[in-house]
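Some notes on the structure that comes next.
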Amino acid sequence: MNITEERAQQWRVDLRNAMKAKERTGIPRVHMPELDPQYRSHTLFEEVNLGLTPEMAMQEAKRCLDCANPTCMQGCPVGIYIPKFVKQVETGDFLAAARTLKETSALPAVCGRVCPQEKQCEAQCIHTKMNKDAVGIGNLERFVADYERESGNISVPETAPANGIKIAVVGSGPAGLSFAGDMAKLGYDVTVFEALHEIGGVLKYGIPEFRLPNAIVDVEINNLKAIGVKFINNCIVGKTITIDDLKADGFKGVFVGSGAGLPRFMNIKGENLVGIMSSNEYLTRVNLMDASSENSDTPVFLGKKVAVIGGGNTAMDSVRTARRLGAERAMIVYRRSEEEMPARLEEVKHAKEEGIEFMTLRNPIDFKGNVQGRVVQMTLQVMELGEPDASGRRSPVEVPGKTETIEVDEVIISVGVSPNPLIPQSVTGLEVTKWGTIVVNNDTMQTDIPMIFAGGDIVRGGATVILAMGDGRKAAASMHEWLSK
Amino acid sequence: MNKIVSKEYFSANVIKFEVEAPLIARSRKAGHFVMVKVGAKGERIPLTIADANILKGTITLVVQKMGVSSSKLCALNEGDYITDLVGPLGKATHIENFGTVICACGGVGTAPMLPIVAALKEAGNKVITVLAARSKDLIILEEQMKKLADEVIVMTDDGSYGNKGLVTNGVEKVINREKVDLCVTIGPAIMMKFVSLLTKKYDVPTLASLNTIMVDGTGMCGACRVSVGGKTKFVCVDGPEFDAHLVDFDEMLMRLGGYRDIEREEMEKLKCASGAF
Ligand SMILES: Cc1cc2nc3c(=O)[nH]c(=O)nc-3n(C[C@H](O)[C@H](O)[C@H](O)COP(=O)(O)OP(=O)(O)OC[C@H]3O[C@@H](n4cnc5c(N)ncnc54)[C@H](O)[C@@H]3O)c2cc1C
Ligand SMILES: Cc1cc2nc3c(=O)[nH]c(=O)nc-3n(C[C@H](O)[C@H](O)[C@H](O)COP(=O)(O)OP(=O)(O)OC[C@H]3O[C@@H](n4cnc5c(N)ncnc54)[C@H](O)[C@@H]3O)c2cc1C
Ligand code: SF4
Ligand code: SF4
Ligand code: FES
């Protein structure tokens, strides 16, 4: 059935006729309940968003017009069948809605939480063209996935009979996990190799629990285990074993989802002072190593005056973590204006509610330390917005001679990541760009070495969970086709 | 989980472990290290692979008790499991026949020097090891070193054993005595700094194996960064060995001290918990 035929089904027609479009657009957007900002800015592990109740979800679903031309779907990188699942929510058939989501998304509970919806599906919702709030697609997606999980009725996907063909996956982030799931469903014998001691990639070591609880990621991992996917942690492909070793072991295909794990620094004076670190280091200490807990052996600085340099999700996660760990001043320093910030809108809003200071149009030019080499001060160059650059954003230019000095005791650098160089370095003949990303055929995700496919941040540079997941699924479909030839 | 197949005391505070790790045993080279984590909430610490046995599928680690994490590891026994172990990491030492090589090591640097001495010997070099410590009871691995190197010169600060003097006195004596083609130094940063200053004076090319603080050991965090020739490098992926004459040791010393206060607190907790206090 194509989407026009589906839309013509009686239950959809009846539902559409049950309420006038005008009435639907008149309903205000249901607000996601959240923890009190004062309380949550001191608790590291509790999720900020509390989720919708079934009644709230059904109410929000009513707002969707079930458009003949659902533009929202064009905004979703994986083309989730949005009106269908939303209408299933409206009828209260949440488990059916969950099945709809899973036709296209491997990680709905994750994407519903971390997708930049306001730039993707929700940006294209018809409501926004009428100057109304978009349908809360992300919130509904999260609700449906959580409902299914909590109901204990998780539909175990049907898997094809085992075909005995061994497939290796490098990295257990969203790209690797979604690839592994699809291949296992097709009957392949899939092994995921992960360099760290934990499975999950950025979902575990990067994104904090107050935004994405580890338990949710673990459910997805356990679902994969249930359909036969094997996980080997503490194993670095290219170091512990090589791709040639894998070939010799009988692996017929390799998917590389090794992410963009290399932090960038700014190369300015004083950047190596004690107390200055990358957001990767800070978040890894706190999230992966649980450094702020009493019983953890890994130390972490608990800064009182913390500056985070950058304006992306990673910067927001770092600054909100610092706040939760007791920072009296937790500041975002960003060289453009708030409008250009790449972070999700919701994170910026939540950060502000939690008392984060936003120092926009400011760029650090040096750091000063005390006699022990600990950072005590930063100098900020004041900026203003100039002409739009290649990315279409107005580029920041210095206001000559205008600087500020700010006292700090911890600085977290969050100005971007580069692709993880391990695989490109260890596989001869693999084509990479000058930025270190792996070159693939965009339709198939195949590299110039036929048995190696790749996707996610290692191909795109720092991107998003949903794009990584989409790549994994695309690569699985085309590797299956390639192996079936 | 990696099983400990044997444990041997080199001294009260220096312990040799043979650990099951067949894949690493196969792929490691001299100079490589592993990251080791003991317990669910343990810290990831770097340890050099001192030796490997491909047939038995084991690697050898020589660990010196320093603080919480190395003590927790040293408390494990034969038959116990190391929670997490990953490697081999870092760049392997560049080994060739240089001619005459001085290996200057002290303190925590003596263990990681062993496999380098072995590899240098195998490539046909004449190897002179200068082994230094504050006093006699802190000299470790002398026997093991003697088996590998052509000559071992022991230096103690207080003269309680070997020659009285610092590691640099030992190195300088050799340089004045014969032509030295390369110096390799591993030890406390302060020691490497002074070895480097000395060999620079004599124009002897020098490699230092840097033991910075690490978190992941795979290039992901930047905790291990140092300035080498004015550029920021990550010790875990670009090193651990660098041209000593280009390393900013003062910056490295400053960064090593970064967590000292927190580590001390942790150690007090461990002592209290183990009833030592
Ligand atoms: C703090 C933070 C917050 C973010 N917030 C959001 C958000 O809100 N919304 C959003 O859409 N995106 C967000 N992102 C971006 C998103 O997380 C990434 O785009 C996504 O995780 C990329 O997925 P991936 O599978 O390509 O790689 P990763 O998730 O990076 O996983 C790669 C994995 O591969 C492993 N690996 C690497 N090399 C090897 C090797 N040689 N052998 C074995 N294993 C290897 C790594 O250890 C890692 O576990 C955020 C990123 C960060 C860091
Ligand atoms: C590449 C590399 C290879 C290494 N190989 C070995 C090895 O083969 N055997 C071995 O015993 N150790 C080795 N080390 C050092 C080892 O990692 C540290 O001793 C260990 O991390 C200390 O952890 P801890 O929690 O026990 O002590 P901590 O509580 O972290 O430290 C206790 C005290 O030791 C000091 N200290 C901590 N780390 C170092 C260091 N790296 N150098 C000098 N002083 C330090 C601290 O400042 C503190 O005063 C290596 C380090 C690196 C970077
Ligand atoms: S996956 Fe992301 S973009 Fe797609 S519908 Fe869900 S929230 Fe929107
Ligand atoms: S565009 Fe908006 S209203 Fe139309 S189908 Fe999509 S979510 Fe519903
Ligand atoms: S230890 Fe993290 S980058 Fe070197």
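All chains are named by letter (A, B, ...) in the order of the sequence lines, taking the proteins before the strands, and each is independently numbered beginning at 1. Just so we're clear, the structure is a prediction, and the values are computed from it rather than from any experiment.
Only the side chain of A:Thr284 comes within contact range of chain B, judged by heavy atoms closer than 4.5 Å. With a threshold of 4.5 angstrom between heavy atoms, A:Phe265 approaches chain B through side-chain atoms but not through N, CA, C or O. Heavy-atom distances place the side chain of B:Arg26, and not its backbone, under 4.5 Å from chain A. Heavy atoms closer than 4.5 Å to chain A are found in both the backbone and the side chain of B:Arg255. Using a 4.5 Å cut-off between heavy atoms, B:Ile45 does not touch chain A at all. With a 4.5 Å cut-off on non-hydrogen atoms, B:Lys231 does not touch chain A at all. For A:Leu273, the parts sitting under 4.5 Å from any heavy atom of chain B are the backbone and the side chain alike.
In terms of heavy-atom proximity, B:Ala21 sits nearest to B:Asn2 at CB-ND2, 3.8 Å. Heavy atoms only, all atoms of each residue included: A:Met289 and B:Gly42 are closest at CE-O, 3.3 Å. Considering all non-hydrogen atoms of both residues, B:Pro115 and B:Ala30 come closest at O-CB, 3.7 Å. Closest of all the heavy-atom pairs between B:Glu78 and B:Lys7 is OE1-N, 4.1 Å.
Put simply, of A:Val417, A:Asp290, A:Asn267, the one with the most heavy-atom pairs under 4.5 Å next to chain B is A:Asp290. Counting heavy-atom pairs under 4.5 Å between each of B:Val215, B:Asp216, B:Val86 and chain A puts B:Val86 at the top. For the set A:Asn272, A:Leu288, A:Asp245, the entry with the most heavy-atom pairs within less than 4.5 Å of chain B is A:Asn272. Between chain B and the options A:Asn233, A:Leu196, A:Asn234, A:Ile413, heavy-atom pairs under 4.5 Å are most frequent for A:Asn234. Highest contact tally toward chain A, considering only B:Met35, B:Arg44, B:His32, B:Arg28, is held by B:Arg44 [criterion: heavy-atom pairs under 4.5 Å]. Ranked by non-hydrogen atom pairs under 4.5 Å with chain A, the options B:Leu23, B:Val237, B:Asp248 are led by B:Leu23.
Each of A:Val169, A:Ile241, A:Val254, A:Val170 was scored for a side-chain contact (heavy atoms from CB on, under 4.5 Å) with A:Phe193, with one residue passing: A:Ile241. Just one residue in the list A:Val319, A:Thr314, A:Asn280 forms a side-chain contact (heavy atoms from CB on, under 4.5 Å) with A:Ser414, and that residue is A:Thr314.
For the pair B:Lys193 (side chain) and B:Leu253 (backbone), a donor-acceptor distance under 3.5 Å is absent. Of the possible polar contacts, one joining the A:Ser278 side chain to the B:Cys221 backbone as a donor-acceptor pair under 3.5 Å is found. In this structure, the side chain of A:Ser296 does not engage the main chain of A:Ser293 through any donor-acceptor pair within 3.5 Å.
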